[in-house]
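One structure is given below, encoded as structure tokens.
Just so it is clear: chains get the letters A, B, ... in the order the sequence lines come, proteins before strands, and each one is counted from 1.
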Number of protein chains: 2
Amino acid sequence: MNASRTARERVRAELIREITDIARRHLATEGATGLSLRAVAREMGMVSSAIYRYFPSRDDLLTALIIDGYNALGEAVERADAACARDDFTGRWLAACRAVREWALAHPHEYALLYGSPVPGYAAPQDTVAPAVRDTAVYGRIVAEAHRAGRLAPPPICPPPPAILAEDAEIVRSLMPDVPDDVVTRAIVVWTGLFGMVSFELFGQFNNTIAHRTELFEHNMTCLGRLLGLPE
Amino acid sequence: MNASRTARERVRAELIREITDIARRHLATEGATGLSLRAVAREMGMVSSAIYRYFPSRDDLLTALIIDGYNALGEAVERADAACARDDFTGRWLAACRAVREWALAHPHEYALLYGSPVPGYAAPQDTVAPAVRDTAVYGRIVAEAHRAGRLAPPPICPPPPAILAEDAEIVRSLMPDVPDDVVTRAIVVWTGLFGMVSFELFGQFNNTIAHRTELFEHNMTCLGRLLGLPE
DNA sequence: AGCGATTAGAGAGCGGTGCTCTTGACGAAA
DNA sequence: TTTCGTCAAGAGCACCGCTCTCTAATCGCT
């Protein structure tokens, strides 16, 4: 009855896991464009057409890898944040930054899949949105809690955001409750600045230019944290 | 003698130009992975193998497009800067930002080729480095001239950069002469922040979140300019 | 226990890709 | 005029995503 049914489903789930594992390995070594269903099938001792029983298309396999990637990155950021004293907001911010960078350096092709050029003709299905903001959610909590604790003192260098941005701030605020609009927009600059930095490093823009990337990253993330208003 | 030789070479150059033109059009519509030598050859009424007389591999064609892209972007930024009053440094900075964003929005696939995930197995040859920094060179001039004019007043929120970063600053200084180390590192954060913003918008990270992207961009670039020390 | 329905794998095949090699034609130089 | 280098063309190799059909195994239910 149910046991036998789950028996078949269990082997199916196991095969799906094995496929994604092999695919992730191929992704890590060959990159996204080098990921081929046929190669995965070959390595599994399967005929290529059999793979389509489990993933109806290459894009579906890619989607699975993207979701896994978002979750892995989000989990890394969550762990880094959790290891900090709750009221050390600057430390939590820097820990989150390091987690993003280190995960990206360790999984460059997966990072490229998440934050690089979108795969053409591929539209991220709805399943990806929840995992996609796991890292951002951690960041939002840090900002919100720092603000609630009265530890956020943004330097008076930015003009107030235009009123029209209040609408967008309303949506972003779901990730950082009770934070005023100007802090929300500032949080966006800072967050995109982090990924701009990581992408530049990973995508080769620093080649032949920046040698001490860890130090530059540390220093720049500190600056961005100060721009956000985090204490020294 | 020489005239006839150039005759042959001229038709060759013309064909190369036609190939890159068609390829750029395909790139714009299909994206990098959809760019196929066979399709270009088909459109030219050539047999596929003939293309290899002009571009020995697909990567070589891609390299040509990358160089063209860097030049087009660099030229757009140069034009935007040139249209500003020389001593309006904030205006020049914002104009450069807008030029980058607008060029990227108009040529998303080319931007992805330049600043997105690197093509796997593809190493940018040396020919690309000079065009690759055309935009950055404009930025460097703005920063250097603003500093020389004494119009750069960085807010006292960043710690001084660690001494080890002086080596990298030395190299970057070739693009912004006579600028002190702390301004150089600040300039890097700001510059990467610009591209982080553009990439987030272009690569879909703002989907379902940010609606008023132009306004957010304007505001954030203003903030980054202030972080750099540009006047109000 | 046996039967019908469902699921899985195998294989052939389609149209596409990058790339290589050979062949034959043509034009410029000797 | 002959020779030599360049070029388009064609066939072909190995790969790709994906579809279809056929067979065999497995499962659910009577």
Side-chain angles (χ1 to χ4, degrees), chain A residues 1-20 22-23 25-27 29-66 109 113 119-123, chain B residues 1-20 22-23 25-27 29-66 109 113 119-123:
Chain A
M1 42 178 299
N2 218 6
S4 51
R5 180 185 202 156
T6 45
R8 184 156 64 186
E9 277 180 1
R10 233 176 45 198
V11 71
R12 186 183 172 83
E14 178 57 34
L15 272 180
I16 286 182
R17 219 186 51 80
E18 191 177 340
I19 292 174
T20 55
I22 295 178
R25 250 196 21 247
H26 286 202
L27 174 66
T29 58
E30 324 280 337
T33 66
L35 175 66
S36 106
L37 287 181
R38 288 179 115 111
V40 172
R42 209 177 302 130
E43 185 163 334
M44 292 189 61
M46 249 179 180
V47 88
S48 73
S49 57
I51 284 275
Y52 288 83
R53 298 270 176 204
Y54 302 94
F55 289 94
S57 80
R58 186 179 175 274
D59 277 3
D60 289 272
L61 177 55
L62 226 40
T63 299
L65 293 179
I66 288 176
H109 288 115
L113 206 55
V119 181
Y122 169 85
Chain B
M1 41 179 302
N2 217 8
S4 50
R5 183 188 200 151
T6 45
R8 187 157 61 187
E9 277 178 1
R10 233 176 42 197
V11 71
R12 186 184 171 82
E14 178 55 34
L15 272 180
I16 286 182
R17 218 186 52 80
E18 191 178 340
I19 291 175
T20 54
I22 295 178
R25 251 197 20 247
H26 285 202
L27 173 66
T29 57
E30 325 280 336
T33 66
L35 175 67
S36 109
L37 287 182
R38 288 179 115 111
V40 173
R42 210 177 301 131
E43 186 163 334
M44 293 189 59
M46 247 179 182
V47 90
S48 72
S49 55
I51 284 274
Y52 290 85
R53 297 268 173 203
Y54 304 93
F55 289 95
S57 79
R58 186 177 175 275
D59 277 3
D60 290 271
L61 178 54
L62 226 40
T63 299
L65 293 179
I66 288 176
H109 288 116
L113 206 55
V119 181
Y122 169 85

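Remark: A:E14 engages A:R17 in a salt bridge, criterion side-chain N to carboxylate O under 4.0 Å.
A search for side chain to side chain donor-acceptor pair (under 3.5 Å) contacts involving B:S48 returns nothing, not counting sequence neighbours. Residues satisfying the side chain to side chain contact (heavy atoms under 4.5 Å, CB included) test with B:T29, not counting sequence neighbours, are none. For B:A50, the side chain to side chain contact (heavy atoms under 4.5 Å, CB included) partners at least two apart in sequence or on another chain are B:M46, B:V47.
Defined by atom type and a distance below 3.5 Å, a donor-acceptor pair is present between the side-chain atoms of A:D60 and A:S57.
The side chain of A:Y52 sits closest to D:dT19 out of D:dT19, C:dG9, C:dG18. Proximity note for A:S49 (side chain, C-beta onward) versus C:dA8, C:dC21, C:dA12: the nearest is C:dA12.
In this structure, B:F55 places its CZ atom 13 Å from P of C:dC19, rounding to the nearest Å. Taking atom CD1 of B:I19 as the reference point, atom P of C:dG18 lies 13 Å away to the nearest angstrom. Remark: P of C:dT20 and CZ of B:R58 are 14 Å apart, rounded to the nearest angstrom. Per the geometry, CG belonging to B:L15 stands 11 Å off P belonging to D:dA9, to the nearest Å. Rounded to an integer number of Å, the gap from B:L35 CG to C:dG16 P is 17 Å. If you take CZ of B:R53 and P of C:dG27, they are 16 Å apart, rounded to a whole angstrom. Rounded to whole angstrom, the span from the CG atom of A:L62 across to the P atom of D:dC18 amounts to 11 Å. The nearest whole Å value for the distance from the CG atom in A:L61 to the P atom in D:dC16 is 14 Å.
Within the structure, side-chain hydrogen bond (donor to acceptor under 3.5 Å, both in side chains) contacts touching residues 37-46 of chain A (residues at least two apart or in different chains) are A:R25-A:E43, A:H26-A:E43.
Within the 4.0 angstrom heavy-atom criterion, only backbone atoms of the sugar-phosphate kind lie near A:S57; the bases stay farther away.
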Could you please spell out the steps behind the side chain to side chain contact (heavy atoms under 4.5 Å, CB included) verdict for A:V40 and A:L35?
CA-CA 8 Å; A:V40 172; A:L35 175 66; 4.2 Å; yes
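Of the residues in residues 40-47 of chain B, those with a non-hydrogen atom less than 4.0 angstrom from any atom of DNA chain D are B:M46, B:V47.
For C:dA8, the OP1/OP2 oxygens have a side-chain nitrogen or oxygen of A:R12 closer than 4.0 Å.
You won't find any donor-acceptor pair under 3.5 Å spanning the side chain of B:R38 and the base of C:dG16, going by distance alone.
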